[in-house]
Amino acid sequence: MVRRDSFSILRDTMRWRVALVLGSLVMLLMLALATVNSRLGYLDNANLSWVVFGVSGASVIGLLFLPRRLGGTVFFTTVAALLIFVPWFGLQHGRNMQHWAYIFPPMLVFLLRAGPALAAMIAYGLMITWITSLLVPVIEVVRFGSGYGLMVCFMYTYALLQERAATMLRYHSDHDALSNCLNRRTFNEALEQLGRAATKRTQCTFLLLDIDHFKSINDQHGHLVGDRIITQVAAELGRVLDPGTPLFRYGGEEFSIMLVDVAESVGIELAERLRLAVERADFQGVRVTVSIGVAEWRASTGKVEATLGRADRALYHAKRAGRNRVAGATALELAA
């Protein structure tokens, strides 16, 4: 399932806007070309311009009515198909149309990742070079190949840099700078996604963890030591958790864990292992423990937010009961 976080939504929105502007500009350009070619007597070019105008118009309509992610993909795929069709049309009519090829590499940046885009650019360039060689002198083929090759180099470099920058931006957008855990915004997005994908059988156990007496640690040892404690606690928790289990920094000294399709009893067992791992860890002379509240959510029983409230109440029960312990929401409610 594609992750629909704020980053991907922003990316799809920007791509959709670019597609809408490009589609509108292509329609205006094709209208002008169709008019000019008709007056000059180039009826085949005029007919081609009208075809591209119609396809561009249909693509713009699709952008307005389809979901933005799908609409953007359909638009750029349609443009790619047109750019493959146009040179073959020119070959059938004895007209060289290699100038359209220069649109192909920048368009692929919006459609594919850098690696597949490079492969598609090269394959398309070879095809256009062969078609061009059938219509123009060799020197023109060499000139086109040189120019197109340079454009491919620049566009691939740009696409690669953009891809790396987007990866870094997404990581720092999703993660807490101090602990390297996923941040609260990502936790909220995960909750929304869980709610959207939920069926009646969906369940999720939440663990809320809080470092005990953290204010005293800051007061006695200073905030730098407090920051180190948060980082080390996050590392100890990560060592116990299975790969792929998300660990979030929920608040200042508070962490949260989501265990999808896991019962509360299993969550309590995991919470005990986490508590023991922190208790036994070496924090360089500072005694550190955590209290943990556990609650299970089922889609058939109510909203996720209500379950988080139950986990929070279980956490504070663990603190009131002496700290350095685990409390399950269901057991507390039954006892009450």
Side-chain angles (χ1 to χ4, degrees), residues 12 14-112 116-152 154-155 159:
D12 293 341
M14 294 304 297
R15 190 175 70 155
W16 179 86
R17 289 176 179 173
V18 169
L20 190 61
V21 172
L22 285 177
S24 302
L25 291 176
V26 168
M27 289 179 65
L28 291 174
L29 176 62
M30 291 302 107
L31 183 61
L33 287 177
T35 303
V36 170
N37 283 317
S38 295
R39 291 181 178 179
L40 294 176
Y42 299 123
L43 297 182
D44 51 352
N45 282 356
N47 291 333
L48 175 63
S49 298
W50 285 120
V51 169
V52 176
F53 175 85
V55 173
S56 300
S59 298
V60 170
I61 293 173
L63 286 170
L64 295 175
F65 289 97
L66 292 173
R68 290 191 172 185
R69 180 182 178 83
L70 177 60
T73 300
V74 169
F75 174 83
F76 287 109
T77 303
T78 302
V79 172
L82 281 173
L83 292 173
I84 293 172
F85 165 74
V86 167
W88 287 102
F89 177 89
L91 179 62
Q92 297 301 316
H93 293 80
R95 298 185 186 278
N96 183 28
M97 295 186 173
Q98 85 273 18
H99 50 279
W100 288 100
Y102 294 108
I103 305 174
F104 198 74
M107 184 277 306
L108 282 180
V109 173
F110 288 92
L111 189 60
L112 301 173
L118 176 62
M121 291 177 200
I122 294 173
Y124 183 78
L126 292 174
M127 181 192 77
I128 298 299
T129 301
W130 174 72
I131 292 176
T132 303
S133 69
L134 301 176
L135 300 171
V136 300
V138 175
I139 185 62
E140 295 297 329
V141 177
V142 173
R143 288 171 179 168
F144 164 74
S146 301
Y148 183 85
L150 286 173
M151 171 166 276
V152 167
F154 281 115
M155 291 309 303

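Nearest heavy-atom pair across Ala46 and Ser38 is CB-OG, 3.4 Å. When all heavy atoms of Val60 and Ser24 are compared, the pair lying nearest together is CG2-N, 4.1 Å. Closest approach of Leu112 and Ala120 over heavy atoms only: CD1-CB, 4.3 Å. Scanning all heavy atoms of the two residues, the minimum distance from Met127 to Ile84 falls at CE-O, 4.3 Å. Here the shortest heavy-atom pairing between Ser49 and Leu33 reads OG-CB, 3.6 Å. Across Met27 and Gly57, no two heavy atoms sit closer than the pair SD-CA, 3.6 Å.
The shortest distance between side-chain heavy atoms of Leu22 and Phe76 falls below 4.5 Å. In this structure, the side chains of Phe53 and Val26 stay at 4.5 Å or more apart for every pair of heavy atoms. Two residues are said to be in side-chain contact when any heavy atoms from C-beta on lie closer than 4.5 Å; Asn37 and Leu43 fail this criterion. Put simply, the side chain of Arg17 does not reach to within 4.5 Å of the side chain of Val21, judged on heavy atoms.
Between the Trp16 side chain and the Leu63 main chain, a donor and an acceptor come within less than 3.5 Å of each other.
Every residue meeting the ring pair (Phe, Tyr, Trp, His ring centres under 6.0 Å) condition with His93, not counting sequence neighbours, appears here in chain and number order: Phe89. Partners of Tyr148 according to the ring pair (Phe, Tyr, Trp, His ring centres under 6.0 Å) rule, which considers only residues two or more places apart in sequence or in another chain, are Phe144. Applying the ring pair (Phe, Tyr, Trp, His ring centres under 6.0 Å) criterion to Phe154, with sequence neighbours excluded, gives no partner residue.
Separation of atoms CG (Leu91) and OG1 (Thr132) is listed at 9.5 Å; rounding is to 0.5 Å. To the nearest 0.5 angstrom, Leu82 atom CG is 8.5 Å from Leu48 atom CG. Within the model, atoms CD of Gln98 and OG of Ser133 stand 11.0 Å from one another, a figure rounded to the nearest 0.5 Å. For the atom pair Leu64 CG and Leu20 CG, the distance stands at 6.0 Å (nearest 0.5 Å). Note: Arg15 CZ to Arg68 CZ = 12.5 Å, rounded to the nearest 0.5 Å. Put simply, CG on Leu135 and CE on Met97 are 10.0 Å apart, with the number rounded to the nearest 0.5 Å.
Between Trp130 and Trp88, the ring-plane angle classifies as tilted under the 30° and 60° cut-offs.
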